[in-house]
Amino acid sequence: MPKSRIRKKADYTPPPAKQAAAIKLDSRGWVAPVMLAMFILGLAWIVLFYVTDGTLPIKALGNWNIVVGFGFIAAGFGVSTQWK
């Protein structure tokens with residue numbers, strides 16, 4: 001019986017190395033200060049409400065002052081999504 005031809009396998013050549021694309025991140029300088037200011041303002045609002053037994057910052061809001069404080073904190077988290 002005749003021998004079958006043996007196919008020569010091509011040598012492995014790795015794919016060409018890709019050039020690393022430079023990622024340009026436009027730093028938004030206003031994001032970090034505004035974010036931190038919102039966090040601090042919200043925390044200060046809530047602490048001031050508790051320390052003054054509800055007479056400050058706005059007495060007419062009553063316990064809604066807590067919601068306002070957490071609103072500032074939530075706004076800080078919203079602004080943080082713009083950070084690159």
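For this chain, numbers begin at 1 and follow the sequence in order. Computation of the quantities below employed the complete heavy-atom set of this structure, encompassing side-chain atoms and omitting hydrogens, waters and symmetry-equivalent molecules.
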task: Could you tell me whether F39 and F77 have their ring centroids closer than 6.0 angstrom?
output: yes
- request: Taking all non-hydrogen atoms of both residues into account, name the closest pair between I73 and I46 and its distance.
  value: CD1-CD1, 4.3 Å
- prompt: Do T52 side-chain atoms and L56 backbone N/O form a donor-acceptor pair below 3.5 Å?
  reply: yes
task: Check whether any side-chain N or O of N65 sits under 3.5 Å from a backbone N or O of I58 as a donor-acceptor pair, and report yes or no.
output: yes
- prompt: For the atom pair CH2 (W83) and CZ (R28), what is the distance rounded to the nearest 0.5 Å?
  reply: 13.0 Å
statement: Looking only at heavy atoms, the pair that brings F49 and G62 closest together is CE1-O, 3.1 Å
message: Please report the interatomic distance CE(M38) to CG(L43), rounded to the nearest 0.5 Å.
response: 14.0 Å
message: Starting from L48, can I reach I40 by hopping between I/L/V/M/F/W/Y residues whose side chains sit under 4.5 Å apart?
response: no
query: Between atom CH2 of W30 and atom CE of M35, what is the distance when rounded to the nearest 0.5 Å?
result: 10.5 Å
query: Applying the 4.5 Å side-chain criterion to the ILVMFWY set and letting contacts propagate, would L41 and F70 be lumped into a single cluster?
result: yes
- request: Flag yes if Y50 and L61 sit in one hydrophobic cluster, no otherwise; membership is Ile, Leu, Val, Met, Phe, Trp, Tyr, and two members link when side-chain heavy atoms are under 4.5 Å apart.
  value: yes
- prompt: Could you give the distance from CG (N63) to CD1 (I66), rounded to the nearest 0.5 Å?
  reply: 5.0 Å
